[in-house]
Colleague: 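One structure, pasted below without further comment.
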Amino acid sequence: QVQLVESGGGLVQAGGSLRLSCAASGLTFSGYTMGWFRQAPGEERDFVAAITRSGAVRYYADSVKGRFTISRDNTKNTVYLQLNSLKPEDTAVYYCAAKTLGTSLYGYDYNYWGQGIQVTASS
């Protein structure tokens, strides 16, 4: 049974930082591209970042480039998302997701999802 469990969310002031973690189990973690997506109230779920299986290549949404960093530790079956310089518009539920067979920026291509975690940046 595959499980992706996010942690590290919370409430911070605008300009602050958070580090999200997503611990994976029930799958061969190093065989999966990992992604982060987010969904604000009343909005569609949007791509945030993705990282290839080895961690060699990373992709970011334009809205988070230079502020967020995705990384992974295949020895710990964990993917991270460092969120710096948070803005109120970053407020959303953040989801991690796992995908086999290549990289995608589209949520519908991902095979497994976490339950999501709230990130709130107050102005």
Colleague: Got a sec, which pairs hit salt bridge (charged side-chain N to carboxylate O under 4.0 Å, His left out) with one end in residues 15-26, sequence neighbours left out?
Modeller: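 Counting only pairs at least two positions apart or across chains, no salt bridge (charged side-chain N to carboxylate O under 4.0 Å, His left out) contact touches residues 15-26.
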
Colleague: I'd like to check the side chain to side chain donor-acceptor pair (under 3.5 Å) partners of Thr120; sequence neighbours left out, ordered by chain and number.
Modeller: Gln118

Colleague: Would you say that Val79 contacts Ile51 through its side chain, given a criterion of any heavy-atom pair below 4.5 Å between the two side chains?
Modeller: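 Yes, at least one pair of side-chain atoms sits under 4.5 Å.
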
Colleague: Same cluster or not: are Val48 and Tyr112 linked, directly or through other Ile, Leu, Val, Met, Phe, Trp or Tyr residues, by side-chain heavy atoms under 4.5 angstrom apart?
Modeller: yes

Colleague: Using 0.5 Å steps for rounding, measure from the OG atom of Ser54 to the CZ atom of Arg72.
Modeller: 8.0 Å

Colleague: Going by heavy atoms in the side chains, are Arg53 and Ser30 under 4.5 Å from each other?
Modeller: no

Colleague: For Ser17 and Ser85, work out which heavy atoms get closest and say how close.
Modeller: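 Result for this residue pair: OG-N, 4.3 Å.
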
Colleague: Under 4.5 Å between any side-chain heavy atoms of Leu83 and Leu20, yes or no?
Modeller: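 Side chain of Leu83 against side chain of Leu20, heavy atoms only: contact under 4.5 Å found.
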
Colleague: Got a sec, which hydrophobics cluster with Tyr108, joining ILVMFWY side chains under 4.5 Å apart, including via others?
Modeller: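 Answer for Tyr108: Tyr106.
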
Colleague: Scan for salt bridge (charged side-chain N to carboxylate O under 4.0 Å, His left out) pairs involving residues 4-14, sequence neighbours excluded, and state none if there are none.
Modeller: none

Colleague: Taking all non-hydrogen atoms of both residues, which atom of Cys96 and which atom of Leu4 are closest, and how far apart?
Modeller: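 Closest approach of Cys96 to Leu4: SG-CB, 3.7 Å.
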
Colleague: Does Ser25 have any side-chain contact (heavy atoms from CB on, under 4.5 Å) partners at least two apart in sequence or in another chain, and if so, which?
Modeller: Gln3

Colleague: Do you know the tightest heavy-atom contact between Arg58 and Ile70?
Modeller: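 Here Arg58 and Ile70 meet closest at NH1-O, 2.9 Å.
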
Colleague: List for me each residue that meets ring pair (Phe, Tyr, Trp, His ring centres under 6.0 Å) alongside Phe68, sequence neighbours excluded, and say none if there are none.
Modeller: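 Partners of Phe68 by the ring pair (Phe, Tyr, Trp, His ring centres under 6.0 Å) criterion come out as none, since no residue qualifies.
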
Colleague: Looking at every non-hydrogen atom in both residues, tell me the closest pair between Leu81 and Ala49 and how far apart they are.
Modeller: CD1-CB, 4.2 Å

Colleague: Would you indicate whether the side-chain heavy atoms of Met34 and Lys99 approach each other to under 4.5 Å?
Modeller: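 In short, these two side chains do not touch, never coming nearer than 4.5 Å.
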
Colleague: Kindly list each side-chain donor-acceptor pair under 3.5 angstrom involving residues 38-46, sequence neighbours excluded, with atom names and distances?
Modeller:
{"residue": "Arg38", "atom": "NH1", "partner": "Asp90", "partner atom": "OD1", "Å": "2.9"}
{"residue": "Arg38", "atom": "NH1", "partner": "Tyr94", "partner atom": "OH", "Å": "2.9"}
{"residue": "Gln39", "atom": "NE2", "partner": "Glu43", "partner atom": "O", "Å": "3.0"}

Colleague: Give me each pair satisfying ring pair (Phe, Tyr, Trp, His ring centres under 6.0 Å) with a member in residues 26-49, each pair once, sequence neighbours excluded.
Modeller: Phe37-Phe47, Phe37-Tyr110, Phe37-Trp113

Colleague: Identify, with sequence neighbours excluded, every residue that meets side chain to side chain donor-acceptor pair (under 3.5 Å) alongside Gln13.
Modeller: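 Applying side chain to side chain donor-acceptor pair (under 3.5 Å) to Gln13 gives none.
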
Colleague: Who pairs with Thr103 by side-chain contact (heavy atoms from CB on, under 4.5 Å), at least two apart in sequence or on another chain?
Modeller: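 side-chain contact (heavy atoms from CB on, under 4.5 Å) check on Thr103 returns Thr33, Ala50, Thr52, Tyr59.
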
Colleague: Any sub-3.5 Å donor-acceptor pair from Asn111's side-chain atoms to Thr100's backbone N or O?
Modeller: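 A pair under 3.5 Å: yes.
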
Colleague: Mind checking side-chain contact (heavy atoms from CB on, under 4.5 Å) for Ser21 and listing every partner two or more places apart, or none if nothing turns up?
Modeller: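 Here the qualifying residues are Ser7, Thr78, Tyr80.
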
Colleague: Heavy atoms only: give me the nearest Leu18-Leu86 pair and the separation to one decimal.
Modeller: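 In this case the closest contact between Leu18 and Leu86 is N-CD1, 4.1 Å.
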
Colleague: Residues in side chain to side chain donor-acceptor pair (under 3.5 Å) with Ser104, at least two apart?
Modeller: Asp109

